[in-house]
Structures are given as C-alpha cells and as structure tokens.
**Q** 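First the structure, which I've put down as structure tokens, then a few questions once you've had a look.
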Amino acid sequence: QVQLVESGGGLVQAGGSLTLSCAASGRLFSNYIMAWFRQAPGKEREFVADISWNGGSTRHADSVKGRFTISRDNTKNTVYLQMNSLKPEDTAAYHCAARQGAWSGGKYDYWGQGTQVTVSS
C-alpha cells in the first residue's frame, strides 16, 4: 500500500516556474514507477511524465517536453515535477501516481489527491 500527497501547486504568471512534490508513505518506494498526470476542467486526464524505479529512465509528454522535468529522490520517498515556461494551457489539477510492473506499461494503482496549478496570461 502506498499513500501519495502532492504539494507545491499555486497561481503563477505565464512564463513562470513551479516545482511540485509528491511524498509517498509506505514501504519500498524504490519499487514503484512514479508518474504525474493532469486534468483540466471538462477534459480527460492527461499523462505528463513518468520515471523509473531508480530514476534512470524518464518519459515526458510532447506537450511538456523541454519545459517540465520529472525527478525522484528515493532517500526522501519523493517525486518532483519541475515546471518551467508555464503556459495558461498548463492549468490543471496535477496528480502523482504509482505502479509496479514493467517499464513498458501498466495500470497505476495508487493516486494522490492532486494539487492545483493555475497559470494566468
């Protein structure tokens, strides 16, 4: 069982930066692939980025590539999302998620409650 708590959201002007954090409780954080998703009002949930167990591999959605960076610190049981050059279309609730299994894909079993990011133009 893993519990996830996000923090770091807020209101920022376009072009600004934010860093989201997701703290995990429970055992064996390093056994989990971690990811960030986002959901804007009236839209479907969208994959943002994920990171492998030891942080050696990452993937980012095309919409955020070059602007957002996912990272993790297994000594702190925390995954981060550094967001730069924010755009109004990045406005959404950001959720972190955890899963086990193969890097190639799988269902996310654990979800945080989300943190709101609002980017003003």
Side-chain angles (χ1 to χ4, degrees):
Q1 188 80 10
V2 176
Q3 293 181 324
L4 305 172
V5 179
E6 303 95 334
S7 61
L11 174 64
V12 63
Q13 289 189 331
S17 298
L18 280 175
T19 300
L20 305 184
S21 300
C22 173
S25 62
R27 299 173 59 192
L28 303 176
F29 174 72
S30 59
N31 282 6
Y32 291 87
I33 295 167
M34 301 298 297
W36 287 97
F37 290 80
R38 66 186 182 184
Q39 188 165 21
K43 294 188 177 181
E44 291 188 355
R45 186 170 59 201
E46 174 188 21
F47 168 80
V48 175
D50 62 358
I51 187 165
S52 62
W53 310 268
N54 64 356
S57 296
T58 62
R59 291 178 290 215
H60 295 78
D62 287 344
S63 58
V64 306
K65 204 168 288 184
R67 299 187 300 121
F68 291 10
T69 302
I70 190 171
S71 62
R72 67 190 295 164
D73 185 342
N74 286 347
T75 66
K76 297 181 179 179
N77 283 12
T78 301
V79 62
Y80 305 97
L81 186 68
Q82 174 67 44
M83 305 186 295
N84 299 326
S85 302
L86 282 160
K87 304 175 182 180
E89 52 263 43
D90 294 320
T91 295
Y94 283 72
H95 299 263
C96 69
R99 68 174 177 89
Q100 294 182 297
W103 176 239
S104 58
K107 176 179 173 290
Y108 282 88
D109 296 311
Y110 304 101
W111 293 85
Q113 83 290 347
T115 186
Q116 179 66 36
V117 172
T118 302
V119 184
S120 63
S121 57

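Residue numbers start at 1 and run along the sequence shown. This is a predicted model, so every value here is computed, not measured.
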**Q** Are the side chain of Glu6 and the backbone of Gly114 linked by a donor-acceptor contact shorter than 3.5 Å?
**A**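 A pair under 3.5 Å: yes.
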**Q** Taking only residues two or more places apart in sequence or in another chain, which ones pass ring pair (Phe, Tyr, Trp, His ring centres under 6.0 Å) with Trp111?
**A**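 Residues passing ring pair (Phe, Tyr, Trp, His ring centres under 6.0 Å) with Trp111: Phe37.
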**Q** Any idea which heavy atoms bring Leu86 and Leu18 closest together, and the distance?
**A**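 Minimum heavy-atom contact is CD1-N, 3.9 Å.
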**Q** Taking atom CD as the centre, does Glu89 end up with more than 12 heavy-atom neighbours from other residues, nucleotides or ligands that are less than 6.0 angstrom away?
**A**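 Yes, CD of Glu89 has more than 12 neighbouring heavy atoms, counting only those of other groups under 6.0 Å.
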**Q** Does the side chain of Gln13 pick up a donor-acceptor pair with the side chain of Ser120 at under 3.5 Å?
**A**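 Gln13 vs Ser120: no donor-acceptor pair found between side chains.
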**Q** Do you know which two heavy atoms are closest between Met34 and Ala98, and how far apart they sit?
**A**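 It is SD-CB, 3.5 Å.
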**Q** Could you see if Tyr32 belongs to whatever hydrophobic cluster contains Phe47? Use Ile, Leu, Val, Met, Phe, Trp, Tyr and a side-chain cutoff under 4.5 Å.
**A**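 No: no chain of side-chain contacts under 4.5 Å links Tyr32 to Phe47.
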**Q** Do you know which two heavy atoms are closest between Pro88 and Ala14, and how far apart they sit?
**A**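 Nearest pair, atom of Pro88 first, then Ala14: CD-CB, 4.1 Å.
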**Q** Show me the pairs that pass disulfide (SG to SG under 2.5 Å) and involve residues 75-110, at least two apart or across chains.
**A**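 Qualifying pairs: Cys22-Cys96.
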**Q** Identify the heavy atoms of Ala92 and Ala40 that sit nearest to each other, and give their distance.
**A**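 Minimum heavy-atom contact is CB-N, 3.9 Å.
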**Q** Has the side chain of Arg72 got a donor or acceptor atom that lies under 3.5 Å from a matching backbone atom of Ile33?
**A**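 Between the backbone of Ile33 and the side chain of Arg72 there is no qualifying donor-acceptor contact (under 3.5 Å).
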**Q** Could you see if Ile70 belongs to whatever hydrophobic cluster contains Val117? Use Ile, Leu, Val, Met, Phe, Trp, Tyr and a side-chain cutoff under 4.5 Å.
**A**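 Ile70 and Val117: one cluster.
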**Q** Flag yes if Val79 and Leu28 sit in one hydrophobic cluster, no otherwise; membership is Ile, Leu, Val, Met, Phe, Trp, Tyr, and two members link when side-chain heavy atoms are under 4.5 Å apart.
**A**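 As far as the 4.5 Å side-chain criterion goes, Leu28 and Val79 are not connected within one cluster.
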**Q** Which pair of non-hydrogen atoms, one from Leu4 and one from Ala24, has the smallest distance, and what is that distance?
**A**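 Smallest interatomic distance, heavy atoms only, reads CD2-CB, 3.6 Å.
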**Q** Is the shortest heavy-atom distance from the side chain of Lys87 to the side chain of Val119 under 4.5 Å?
**A**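 Result no, sub-4.5 Å side-chain heavy-atom pair not found.
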**Q** Which residues pass the salt bridge (Lys or Arg N to Asp or Glu O under 4.0 Å) test with Asp109, not counting sequence neighbours?
**A**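 Partners of Asp109 under the salt bridge (Lys or Arg N to Asp or Glu O under 4.0 Å) test: Lys107.
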**Q** My understanding is that only residues two or more places apart in sequence, or in another chain, count here; which of them pass side chain to side chain contact (heavy atoms under 4.5 Å, CB included) with Ala93?
**A**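 Side chain to side chain contact (heavy atoms under 4.5 Å, CB included) list for Ala93, sorted by chain: His95, Gln116.
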**Q** Under the criterion side chain to side chain contact (heavy atoms under 4.5 Å, CB included), which of Asp50, Ile51, Leu20, Val64 is the partner of Trp36?
**A**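 Between Trp36 and the candidates, side chain to side chain contact (heavy atoms under 4.5 Å, CB included) is satisfied uniquely by Leu20.
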**Q** With ring pair (Phe, Tyr, Trp, His ring centres under 6.0 Å) as the rule and sequence neighbours excluded, what pairs involving residues 57-87 come up?
**A**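 Sorted pair list comes back empty.
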**Q** Under the salt bridge (Lys or Arg N to Asp or Glu O under 4.0 Å) rule, collect the residues that match up with Arg38, sequence neighbours excluded.
**A**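 Testing Arg38 for salt bridge (Lys or Arg N to Asp or Glu O under 4.0 Å), a comparison that skips the adjacent residues, returns Glu46, Asp90.
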**Q** For the residue pair Trp53 and Gly101, what are the closest heavy atoms and their distance?
**A**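 Taking Trp53 first and Gly101 second, the nearest heavy atoms are CZ2-O, 3.2 Å.
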**Q** When rounded to the nearest 0.5 angstrom, what is the spacing between CD in Gln3 and OG in Ser25?
**A**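 Between atom CD of Gln3 and atom OG of Ser25 there are 4.0 Å.
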**Q** Does a side-chain heavy-atom distance below 4.5 Å link Gln1 with Tyr110?
**A**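 Yes; the side chains approach each other to less than 4.5 Å.
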